[in-house]
Number of protein chains: 2
Amino acid sequence: MHLFASRGLDATTLQSVADVVGISKQAILHHFRSKEDLHEAVLSELVNHWQRTLPQLLLTAGATKNRFDAVIAELMAFFTADADRARLVIRELLDRPAQTRELLSRTVRPWLSSIAGYIRIGQERGVHRADLDADAYLIQVLLLAMIGTATCEVTGVLLGDETEGRQRFSKEFARIAHTALFTPRHLKPANSRPSNKESHES
Amino acid sequence: MHLFASRGLDATTLQSVADVVGISKQAILHHFRSKEDLHEAVLSELVNHWQRTLPQLLLTAGATKNRFDAVIAELMAFFTADADRARLVIRELLDRPAQTRELLSRTVRPWLSSIAGYIRIGQERGVHRADLDADAYLIQVLLLAMIGTATCEVTGVLLGDETEGRQRFSKEFARIAHTALFTPRHLKPANSRPSNKESHES
DNA sequence: GCTCACACTTACCAATTGGTAAGTAAAGCC
DNA sequence: GGCTTTACTTACCAATTGGTAAGTGTGAGC
C-alpha cells in the first residue's frame, strides 16, 4: 500500500515490493496471481478499513455535543493516521476514473447521501445555510480532507514546520467546513422554524 | 501534457507520445535529450502559462466590484479550461514532493503571500473573518480548486450529469470559499474600525 | 514412515522500456 | 554546385518488466 500510494501503480514493480517485504518476486506471484491482483487486494483492504471505521466514526461523533465538528475531526484523523490512504485514493481517482467512480458509488455514495439528508434537515430548521448544496458540499469536504493530508508533506513547509503546518491546516479546514455549513447563531430563529431569508452575504 | 497528466510519468512511454504526435520515438529523443527532459519541458510550459495568466487574472478581477468572487471564478476557469493542468500538478505533488515543493515555493508562494497580506488587511478592517488563517485558507482554496477540476470526471456523476456536476461543484466551491472568508454583512461595523469581537460562531 | 498440500526458489522467457549510433534526405547559405 | 545544419529514420542494445514452469523443502495428517 505504501509503495502504490507513494509511487503509483506503474512505478511500483513487483521486485520493489518483494524487496520491502523481504521475499522474492515469485513469492508474491505465488500469493497473488498478478500485479493487478495485488493492486486490487491492497485497494479492497483500504475500502474494508473505511467501511469498518466509518460507522464507528459517526457513532462516536454522534454522542458528542457538536456532532459535526467531531465528524470533521474524525475524518481528518482517518487520513492523517496514514497519509497513504489519501494518496492511494487520489491516485485511483486520477489513474482509473471509471472504475473508481463505480467503486465510490458503491462504497461512499450511500454514506454521503445519508449525511446529505441530515444536512437538508438542518437547512429546513435554519441551522444550516439555505444556499448550501449538500451533495457538492460533502464531496468537496471529503476531497479537501484527502488532498490536504496527501500533500501535507509539500504544503506543510509553506506553513512553517511540517507538524505545525499540519495543525494549522487541520484547524483551518475545520473552520472552513464549519463556517460554510452553519448559519451564524444570531440569524437562527429561537424556535426551529424554516427561515430562508438569509440573503447572499456581502 | 495530456498523457503525463492522465496516465502519469511512468505509465507514459515515449512510444505512446510518439504515436499521438505522429512521429517516431527517436524523433522525440532528437528534440529532447531524455524522457525526463520532455517531462521538465511540459512542466515548465505549464508553469510559464500560470505565470503569464495569473497577473492578468488578478488585474481583470481587480477592476470588478467584488474582487474576490471574480478571482475565485477565474481560478476555477484556469483549471476547468484544461483539467490536465490540475491533474499534472497533483501528480507532481504526489510523485515528486520535494522537487514540487521547491517549484511551488518559487512560483506560487509569492502570489499566495501577497494575497494573504490582502486578506489580513481585510481582517483588520473586520471585512474578513478574524479567526481565519490566511495562508492555510489560501492553500486549501487552491488545492480544492485543483482536486475538484482534476476529478470532475468522477465526482461529476455523483452530482447528476457531468456538466451539471461541474456547475454545481463550481457554484458550491465559490460559496464555500466566500462564506469562509467574509464576515456576515451585518456584523461588519459601519465604519472600518478593527473588530475582533466576532467570537467563534455557533 | 508416507503422503500431500503448501510456501517458496531457481531458472527462464518474451515483450517493452529508455537510449545510442549511424545513416539520410532536404533546406539554407556561400 | 558544394557544405553544413536540421530533422528525422533505421538498426540496434542492455536492462527491466510481469509472468510461467519446474523444482525443493517442510510441516501436518494419517
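The chains referred to below are lettered A, B, ... by the order of the sequence lines, with proteins before strands, and numbering in each begins at 1.
- In this structure, A:D10 places its CG atom 11 Å from P of C:dG18, rounding to the nearest Å.
- Taking atom CG on B:L9 and atom P on C:dT17, their separation rounds to 14 Å, with Å as the unit.
- Nearest nucleotide to the side chain of B:A27, out of D:dC12, D:dC8, C:dT10: D:dC8.
- The base of C:dG19 sits with one of its N or O atoms less than 3.5 Å from a complementary donor or acceptor on the side chain of B:K25.
- With salt bridges taken as basic N to acidic carboxylate O contacts below 4.0 Å, one links A:R106 and A:E102.
- Looking at heavy-atom distances under 4.0 Å, A:L14 makes contact with sugar-phosphate atoms alone, never a base.
- One can place CD1 of A:I23 at 21 Å from P of D:dT24, the figure rounded to the nearest angstrom.
- In the interface, the side chain of B:Q15 is not paired with the base of C:dG18 through any donor and acceptor atom under 3.5 Å apart.
- Phosphate contact (OP1/OP2 of D:dT9, side-chain N/O of B:S24, threshold under 4.0 Å): present.
- The distance from atom CZ of A:F32 to atom P of C:dA7 is 12 Å, rounded to the nearest whole Å.
- One interatomic measurement links the two molecules: CG of B:L29 to P of D:dT6, which rounds to 18 Å at whole-angstrom precision.
- Ionic pairing of B:R168 and B:D161 is not present here: no N-O contact between side-chain nitrogen and carboxylate oxygen is shorter than 4.0 angstrom.
- A salt bridge does not link B:D10 with B:R91: none of the charged nitrogens is closer than 4.0 Å to a carboxylate oxygen.
- A:E45 CD: 12 or fewer foreign heavy atoms inside a 6.0 Å radius.
- Closest approach of B:L14 to B:K25, counting heavy atoms only: CB-CG, 3.7 Å.
- A:Q26 places its CD atom 11 Å from the P atom of D:dG18, with the value rounded to the nearest Å.
- As judged by a 4.0 angstrom heavy-atom cut-off over every strand, A:S16 is placed among residues making no nucleic acid contact.
- Between A:H31 and the phosphate of C:dC6, there is no side-chain N or O to OP1/OP2 separation shorter than 4.0 Å.
- The separation between A:H30 atom NE2 and D:dT24 atom C1' is 13 Å, rounded to whole Å.
- Taking 4.0 angstrom as the limit, B:T13 places a side-chain polar atom (N or O) nearer than this to OP1 or OP2 of C:dT17.
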